[in-house]
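One structure is given here, and the rest of the page talks about it.
Values reported hereafter were calculated over all heavy atoms of this structure, with side chains retained and with hydrogens, waters and symmetry mates removed.
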Amino acid sequence: MELIKEEFVTTETGIKELVIEEISRNHKLLHRHKLDKPSIHIGRDYHNDIILADPHVCPSHISIDFIDKQWKITDNQTVNGTFVENLKEKKYQANQHVVCDGDIISLGKSQLRLLFSDHTVEPTVAFSPFESFINLMRHPIALFISITLFTLIAGSIIYFNRPIEVNFSQLLVPAIGMTLGFALWPAGVSLVSHLTKHDNRLMAQLAVSFALFNLMWFSDILETIVTFNSSNNNILPIFMTFISVILAFSLFWLNSYIGFHMSSKRRIVVSASLTLLLFGGSYLIQYSKKPEFNPRPNYNATIMMPSFLLTTSSNVDQFIEDSSKLFDKTSKDAQEE
């Protein structure tokens, strides 16, 4: 796909406009300035055109002057110097350097990228299906339903795990507490996104996180129902673990997709690493606490109502009749022998 190119722009005095971007160490954009003055001053003093807060930058660090139809950098005898970083060449002194489109210069611990107004830009990125899904889930009504559903499921699980009868108020507080605890994850991701100069998009993070949390709850409920209806559970734990891994990976992938600008490959690596850390750490903790020999084996049984049976069971009379038929057949075979 071809790049889009803007028209060359100069001012009425013939000065070529210069775009100066403040970037981080990993070349992420922080601020952007577009200037058409014949002389641009950069430093920590307040008289500068671009004021940097970096303590390693001098008060009047550099000047960028438009001379003979080109921009030239002048280092004002600074303490830490000014350097040009080039991907193909090593770092070198920027004093009297003629600016080229895309040059990156280092001042103290700060970095600036110098661009001309005719610099090529990447093509517009179309909205992906994930954006449509995120916009739907982040709607206040959809988000309220998702969080309410999570709270109700959490309260139900707390109720079933209580050995004594409890009232509604005794369930509401721990259910809300569990909901707030799970909300710390998307809130934390949004905070990290904000601190790294990205859009925090807190509502979107909450929406996709609680949607995935609810799917995880439903997968646990499905596992319980299948266990109740199955006599052989050797494959089921492996299958449900696989489902849990997929859901966790999807959660981390969507969190990074919403909160951070990164390549698809890096997003997959980050999501896979977090998933491995989550499940690998939990299994290590589980097996580290497991004794080599348990003199008191525990019997694990799932007790549920008959309505959860996928196949209807026979009543008592039918069971006695079927049992009698078995004895009748055995007696008949014995008499024939």
Side-chain angles (χ1 to χ4, degrees), residues 28 125-157 175-227 233 235-286:
K28 183 180 62 178
V125 179
F127 284 116
S128 67
F130 291 109
E131 285 292 339
S132 301
F133 169 74
I134 293 169
N135 290 332
L136 175 63
M137 295 303 299
R138 70 183 294 273
H139 192 276
I141 296 178
L143 180 59
F144 175 78
I145 293 174
S146 182
I147 295 178
T148 302
L149 180 62
F150 179 92
T151 306
L152 292 175
I153 296 175
S156 301
I157 293 175
I176 294 178
M178 183 179 292
T179 303
L180 294 176
F182 274 80
L184 290 177
W185 169 253
V189 174
S190 298
L191 178 61
V192 174
S193 178
H194 175 72
L195 294 176
T196 53
K197 306 299 181 181
H198 293 90
D199 295 333
N200 56 43
R201 302 183 67 182
L202 177 60
M203 295 289 285
Q205 292 286 3
L206 287 171
V208 299
S209 295
F210 274 97
L212 269 297
F213 291 157
N214 287 330
L215 289 178
M216 292 177 185
W217 282 130
F218 285 124
S219 67
D220 291 338
I221 295 173
L222 178 62
E223 180 182 6
T224 304
I225 295 175
V226 174
T227 302
N233 299 324
I235 302 179
L236 181 62
I238 300 176
F239 177 75
M240 297 311 299
T241 300
F242 177 75
I243 295 297
S244 300
V245 169
I246 294 298
L247 290 175
F249 177 84
S250 301
L251 172 64
F252 297 140
W253 192 94
L254 285 170
N255 287 146
S256 60
Y257 177 84
I258 294 171
F260 307 96
H261 301 294
M262 59 178 66
S263 62
S264 299
K265 183 178 179 180
R266 186 177 182 183
R267 189 180 300 117
I268 292 174
V269 171
V270 170
S271 303
S273 300
L274 290 174
T275 304
L276 180 62
L277 181 64
L278 174 63
F279 285 90
S282 62
Y283 280 117
L284 286 176
I285 295 174
Q286 179 181 354

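- Within the 4.5 Å cutoff, side-chain heavy atoms of S273 are placed close to those of V269.
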I'd like to know whether F210 forms a side-chain contact (heavy atoms from CB on, under 4.5 Å) with T179, so could you lay out the CA-CA distance, the side-chain angles of the two residues, the decisive distance to 0.1 Å, and finally the verdict. CA-CA 9 Å; F210 274 97; T179 303; 3.8 Å; yes
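- Evaluation of the side chain to side chain contact (heavy atoms under 4.5 Å, CB included) rule for A211 yields M137 as partners, not counting sequence neighbours.
- Of all heavy-atom pairs spanning M203 and R138, the tightest one is CE-O, 4.0 Å.
- The CG atom of L254 sits 9.5 Å away from atom CZ of F249, with the distance rounded to the nearest 0.5 Å.
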Take I153 and F218, measure what side-chain contact (heavy atoms from CB on, under 4.5 Å) needs, and give me the verdict at the end. CA-CA 9 Å; I153 296 175; F218 285 124; 4.1 Å; yes
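- Side-chain atoms of Q205 never come within 3.5 Å of backbone atoms of A187 as a donor-acceptor pair (strictly under, hydrogens ignored).
- Checking side-chain atoms of S146 against main-chain N and O of A142 turns up no donor-acceptor pair under 3.5 Å.
- Nearest approach of S256 to R267, heavy atoms of both residues: OG-CG, 2.8 Å.
- Closest non-hydrogen pair, L278 versus F252, comes out as CD2-CZ, 4.2 Å.
- Going from atom CG of D199 over to atom OG of S190 covers 10.5 Å, rounded to the nearest 0.5 Å.
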Walk me through whether F279 and S244 qualify under side-chain contact (heavy atoms from CB on, under 4.5 Å). CA-CA 9 Å; F279 285 90; S244 300; 3.9 Å; yes
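- The shortest heavy-atom contact between I258 and I134 is CG1-CD1, 3.5 Å.
- To the nearest 0.5 Å, atom CD1 of residue I176 and atom CD1 of residue I147 are 11.5 Å apart.
- Within 6.0 Å of CG on L195 lie more than 12 heavy atoms contributed by other residues, nucleotides or ligands.
- Within 6.0 Å of the CG atom in N135, the count of heavy atoms belonging to other residues, nucleotides or ligands exceeds 12.
- Contacts of S193 classified as side chain to side chain contact (heavy atoms under 4.5 Å, CB included), with partners at least two apart in sequence or in another chain: H198, F260.
- In this structure, the separation between CG on L215 and CD1 on I243 is 10.5 Å, given to the nearest 0.5 Å.
- Note: W217 and F150 have tilted aromatic rings, judged against thresholds of 30 and 60 degrees for the angle between ring planes.
- Using a 30° and 60° split on the angle between ring planes, Y257 and W253 fall in the parallel class, below 30°.
- In this structure, I145 CD1 and N214 CG are separated by 11.0 Å, a value rounded to the nearest 0.5 Å.
- Residues P186 and L202 come closest through the heavy atom pair O-CD1, 4.3 Å.
- Here the closest non-hydrogen pair linking V208 and N255 is CG2-ND2, 4.1 Å.
- Here CG of L212 is found 10.5 Å from OG of S219. Values are rounded to the nearest 0.5 Å.
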